[in-house]
> 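Provided herewith is a single structure, encoded as C-alpha cells, for subsequent inquiry.
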Amino acid sequence: MSVTLTDQDKLTLRTAAYGAVSLLAAASAASAAGGSPHEIATDASRSLSSATGLVGHVLAEKPEDVQWDGKSVAALVDRVLPALRAAMSLLGKQAPGEADNFRGTIKVAIEAANRTHTGEPSFTMAEMARKITAALDAADSGALPKAAAGQDRPELQTAIQEIVDSGFAGVQLRVHDARGEWVGSAGVRELGETAKPPTNGHFRVASITKTFTATLVLQLVADGKIGLDSPVADDLPEFGLDRRITVRMLLQHTSGLFNFTGEYYPDGTVVPGIPWQGQEWVDNRFKTYRPQELVELALSKPARFEPGTDWSYSNTNYVLARLLVEKVTGRSFPEEMQRRILRPLGLSGTVVPEASPEIPEPHAHGYYTYQDAAQWKTVDITRMNPSWVSTGGDMISTTRDLHLFISGLMGGKLLPAPLLAEMCEPHPTPLPTMGYGLGVFVQDMGPNRGTLITHNGGFAGWAALMYSTPDGGKTLTASLTTGDAALEFAEWAAAFQKAQQRLVDEVFRGGQAGSDDEAEPAR
C-alpha cells in the first residue's frame, strides 16, 4: 500500500490537521474557559507531530505553509472543515487504512487538547470537537465508494446480503487482509426505510466487552497491581467470595459462579436471573442496575460447580472484574478504560455507556421481536439502559475501532508478550473446536489452517463479530442488527451462528465451509 501526495495534497493534510488544532484553540479563547489557547495548541500539535503511518512524515514537518494569524473562529471553520473532508476523501481513495490512521490522529489531538482543561471542556470547545469529528465521519461515509458498493470484493458483499436475506435487518462489515481494507454494508438502517446501515456506524458490541475488560485487568497484572492467581476475595472482601476463586478464573469462566442473567443446564433445566427477554424486559428496559446488585443476585444462587473444576460462561465473572479494576485503581471503570486502552489506540468511537440509553450517531436501529401472550411484537430497542449486563456486554463501538483494538492487542501494543500468550492459551469448553483463554475464544480452523482469536456477542437487537489471526494481520469486525423476523431465542442464536460462520468461511477459509462451530450469544 502506498500514498502519492502532491504539494497541494500535503497542504490539504496540514490545513486539516493543524487547522483542527487551531479551531480548538480559537474556541477556547472565544469561550475563555479551561486551558489557555497556547496550551491547547501546544499539546494537540505535539500529538499531530508524533503521527505514524504513511503520511506521518507530512504532519511531523513544521507547518509553515499553514497560516492562521488574525483568523476568527468562523473564518477557521469555513476553511478547516472542508479541508478535513477533502483530506479524508484523498486518503480514502488511495489508502483506506491510512484514512483511518489520519482520523485517529486528529481525534487523539482532540483528546490532548481537552486534557488541558480542569474538569469538563466548555460547551464551545465540546461543540467544536463535535463538528471536527462529524467532518471526519461524514467524509468517511463517502470515502470508500467502491468498497462500500462491494465492487472490488463481490464475494463479501454477497455474503452480507445473504445474511440480511436470512432475516437480519442490517449488516456492517470491515475486513483487513493482504488485499487491504474492505468496508461494506447491506440491509437497512431502519425498518420501513431504504437507507443502508452506515459503514462507520456505532453499535452495541455485547460480549466483546469482555475482551476489553480482560485486557484492562491484564494490564493491571502487568503493573503488579493485581495478581492473576490471587484470590479475588483479597481485594473484594465485601462479597464473601470463595477464596479459591482467583482472578484468572474470572477471566477464564472457571469460577463456577452463577450467571446473573440465568443458567441453562444440559438437562434442559433453566434457573432464571434478571429479566433480559420478553415483555417484562421491554417494560423495564430503562431500569438501572448497580454492578454490586448484579453480583449479589448471582451470589444468592447456588454455584454451578466448584471453583476451577469446570468451565461455564458467566457474566458475573466480568462484573466482578470491573469492580476489581475500580478497587485497585481508585478510578471508575470507564475512566480507566479510556486512560489505558481507548485513548492510546485512538478508539474515538468506543463508549462505556454505564446506565445511559443513548448510542452516538451515526448508527443503525436494533429491534427486538418477541412473543407475548401468543402475539408477536416488534419493538425498536436502539435506546435501552445496558446496565443490566454491565461489563458482561455493555460497550458501544464501531467496526473500525474493533479492528484497531483486536489488531493492536494481537500485535503486542497493549500487553507484554508473556501475558498475551496466557490470554490466548485455550481452556477446554463445550464448544467444538473452541477453547477459551482470558477474555477471548481460541478457534481451531482445521488442518493446516491455524487458529483464530475471537469474541462475538449478541443480545436483543444486536450482534457483533470480532476475529483476528494471532498476529493481528487479518481481521474481521462486523455488526448485525435484528429486525422483525418472528424467531424464538434458540432460532435467533442459530441464525446468528450461521451468519458468523458464513463470514468466517469467506474471509479466513477462502469461501470453503468449515466445521459447524458454535457462537455464544451474550446473555
> Determine yes or no for a side-chain-to-main-chain donor-acceptor pair under 3.5 angstrom, with W276 supplying the side chain and T261 the backbone.
yes

> Begin from the C-alpha positions of E358 and R204 and carry the test salt bridge (Lys or Arg N to Asp or Glu O under 4.0 Å) through to its verdict.
CA-CA 11 Å; E358 307 302 333; R204 301 187 187 278; over 6 Å; no

> Only counting residues at least two apart or in another chain, list the ones meeting side chain to side chain contact (heavy atoms under 4.5 Å, CB included) with S332.
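By the side chain to side chain contact (heavy atoms under 4.5 Å, CB included) rule, S332 matches E326, P334, E335.
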
> Taking the six-membered ring for Trp, are W388 and W281 parallel (under 30°), tilted (30 to 60°) or perpendicular (over 60°)?
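Ring orientation of W388 relative to W281: perpendicular.
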
> To the nearest 0.5 Å, how far apart are CD1 in I208 and CD1 in I406?
9.0 Å

> Determine the minimum heavy-atom distance between L236 and L320, stating which atoms define it.
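Smallest heavy-atom distance, with atoms named: CD1-O, 3.7 Å.
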
> Is the NZ or CZ atom of R285 positioned over Y368's six-membered ring, under 6.0 angstrom from the centre and within 45° of the axis?
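No - R285 does not lie over the ring of Y368 by the 6.0 Å and 45° rule.
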
> Determine yes or no for a side-chain-to-main-chain donor-acceptor pair under 3.5 angstrom, with S407 supplying the side chain and H403 the backbone.
yes

> Using atom types as modelled and distance alone, determine if a side-chain donor or acceptor of T316 lies under 3.5 Å from a backbone N or O of V295.
no

> Could you check whether any side-chain N or O of S387 sits under 3.5 Å from a backbone N or O of S390, counting only pairs where one atom can act as donor and the other as acceptor?
no

> Quick one: do the T369 and D484 side chains pair a donor with an acceptor below 3.5 Å?
no

> Tell me whether E238 is salt-bridged to K327, with the criterion being a basic N under 4.0 Å from an acidic carboxylate O.
yes

> First locate atom OG1 of T246, then atom CE of M249, and finally report the distance between them rounded to the nearest 0.5 Å.
4.0 Å

> Would E263 and K301 pass as an ion pair if we require N to O under 4.0 Å?
no

> Go through the structure and list residues passing side-chain hydrogen bond (donor to acceptor under 3.5 Å, both in side chains) with S468, not counting sequence neighbours.
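Partners of S468 by the side-chain hydrogen bond (donor to acceptor under 3.5 Å, both in side chains) criterion come out as none, since no residue qualifies.
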
> Is there a side-chain contact (heavy atoms from CB on, under 4.5 Å) between R400 and V183 once you walk through the steps?
CA-CA 9 Å; R400 168 194 173 267; V183 182; over 6 Å; no

> Using a strict cut-off of less than 4.0 Å between a Lys/Arg side-chain nitrogen and an Asp/Glu carboxylate oxygen, indicate whether R189 and E193 qualify as a salt bridge.
no

> Going from CE on M395 to NE2 on H202, what distance comes out if it is rounded to the nearest 0.5 angstrom?
11.5 Å

> Which heavy atom in W462 sits nearest to a heavy atom in T482, and how many Å separate them?
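Of all heavy-atom pairs spanning W462 and T482, the closest is N-OG1, 4.1 Å.
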
> Is there a side-chain contact between K474 and F508 (heavy atoms, below 4.5 Å)?
yes

> Between H363 and F203, does the ring centroid distance fall short of 6.0 Å?
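Not under 6.0 Å, so no.
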
> Working to the nearest 0.5 angstrom, can you tell me the gap between L503 CG and L156 CG?
8.0 Å

> For a quick test of reading the model, state the closest non-hydrogen atom pair linking P272 to V270 and the distance between them.
CD-O, 3.6 Å

> Considering only heavy atoms from C-beta outward, does the side chain of R509 approach that of V504 to under 4.5 Å?
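When only atoms from C-beta onward are counted, V504 and R509 do touch, with a gap below 4.5 Å.
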
> Checking L465 against L480 for the side-chain contact (heavy atoms from CB on, under 4.5 Å) test, could you report, in this order, the C-alpha distance in whole Å, the side-chain angles of both residues, the deciding distance, and whether it holds?
CA-CA 8 Å; L465 307 176; L480 292 75; 4.1 Å; yes

> Does the pair K225/D223 count as a salt bridge with the N-to-O cut at 4.0 Å?
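Salt bridge absent between K225 and D223.
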
> Give the ring-plane orientation class for H455 versus Y313, where under 30° counts as parallel, over 60° as perpendicular and anything between as tilted.
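Ring orientation, 0 to 90° scale: tilted.
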
> Tell me, do L250 and Y318 make a side-chain contact under 4.5 Å, heavy atoms counted?
no

> Passes side-chain contact (heavy atoms from CB on, under 4.5 Å), V247 versus D229? Steps please.
CA-CA 6 Å; V247 175; D229 292 305; over 6 Å; no

> Just so I know, are the side chains of L299 and F258 near enough to count as touching, which here means a heavy-atom distance under 4.5 Å?
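Heavy-atom side-chain distance check fails, nothing below 4.5 Å.
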
> Check whether any side-chain heavy atom of R502 sits under 4.5 Å from a side-chain heavy atom of K498, and report yes or no.
no

> Quick one: pull up CZ in R248 and NE2 in H253 and give me the separation to the nearest 0.5 Å.
14.5 Å

> Please find the pair of heavy atoms, one from S314 and one from L257, that lie closest to each other, and give the distance.
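Of all heavy-atom pairs spanning S314 and L257, the closest is OG-O, 3.2 Å.
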
> Between H427 and Q252, do the side chains contain a donor N or O and an acceptor N or O under 3.5 Å apart?
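On atom types as modelled, these side chains do not qualify, holding no pair under 3.5 Å.
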
> Determine all donor-acceptor pairs shorter than 3.5 Å in which one atom belongs to a side chain in residues 165-173; sequence neighbours excluded.
{"residue": "D165", "atom": "OD1", "partner": "Q161", "partner atom": "NE2", "Å": "3.0"}
{"residue": "S166", "atom": "OG", "partner": "I163", "partner atom": "O", "Å": "2.6"}
{"residue": "Q172", "atom": "OE1", "partner": "G201", "partner atom": "N", "Å": "3.1"}

> Should V325 and M337 count as side-chain neighbours, where that means a heavy-atom distance under 4.5 Å?
no

> Is the CD atom of E280 crowded by more than 12 outside heavy atoms at less than 6.0 Å?
no

> Would R243 and D234 satisfy salt bridge (Lys or Arg N to Asp or Glu O under 4.0 Å), going step by step from the backbone distance to the final call?
CA-CA 8 Å; R243 288 191 56 79; D234 286 353; 2.8 Å; yes

> In sequence, state the C-alpha distance, the side-chain angles, and the governing distance for T378 and Y370, and then conclude on side-chain contact (heavy atoms from CB on, under 4.5 Å).
CA-CA 7 Å; T378 297; Y370 63 103; over 6 Å; no

> Check for a donor-acceptor pair, side chain of T477 on one end and backbone N or O of T399 on the other, with a separation under 3.5 Å.
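Pair found, side chain donor or acceptor close to backbone of T399.
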
> Is it true that a side-chain atom of N385 and a backbone atom of P357 form a donor plus acceptor pair closer than 3.5 Å?
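Flag not set: sc N385 to bb P357 has no pair under 3.5 Å.
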
> List for me each residue that meets side chain to side chain contact (heavy atoms under 4.5 Å, CB included) alongside T451, sequence neighbours excluded, and say none if there are none.
V442, P470

> Report yes or no: does Q443 contribute a side-chain atom to a donor-acceptor pair with the main-chain N or O of G435 at less than 3.5 Å?
no

> Identify all side-chain donor-acceptor contacts of residues 211-218 below 3.5 Å with residues at least two apart in sequence or on another chain.
{"residue": "T211", "atom": "OG1", "partner": "G439", "partner atom": "O", "Å": "2.7"}
{"residue": "T213", "atom": "OG1", "partner": "T209", "partner atom": "O", "Å": "3.0"}
{"residue": "T215", "atom": "OG1", "partner": "T211", "partner atom": "O", "Å": "2.8"}

> I'd like to know if the side chain of Q279 pairs up with that of D283 as donor and acceptor (distance under 3.5 Å, no hydrogens or angles considered).
yes

> Heavy-atom distance under 4.5 Å between the side chains of D471 and M410, does that happen here?
no

> Quick one: closest heavy-atom pair of V507 and L476, and the distance?
CG2-CD1, 3.5 Å

> Tell me, please, which residues at least two apart from T350 pass side-chain hydrogen bond (donor to acceptor under 3.5 Å, both in side chains).
S397, D401

> Is there a donor-acceptor pair under 3.5 Å between the side chain of S255 and the backbone N or O of P307?
no

> Which heavy atom in N200 sits nearest to a heavy atom in P362, and how many Å separate them?
OD1-CG, 3.7 Å

> Is there a side-chain contact between M434 and T454 (heavy atoms, below 4.5 Å)?
yes

> How long is the straight-line distance from OG1 of T469 back to CD1 of I453, given to the nearest 0.5 Å?
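Separation between the atoms: 9.0 Å.
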
> Just by distance, do the side chain of K196 and the backbone of S185 share a donor-acceptor pair under 3.5 Å?
yes

> Y467 side chain to L452 main-chain N or O, any donor-acceptor pair under 3.5 Å?
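No: the side chain of Y467 does not pair with the backbone of L452.
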
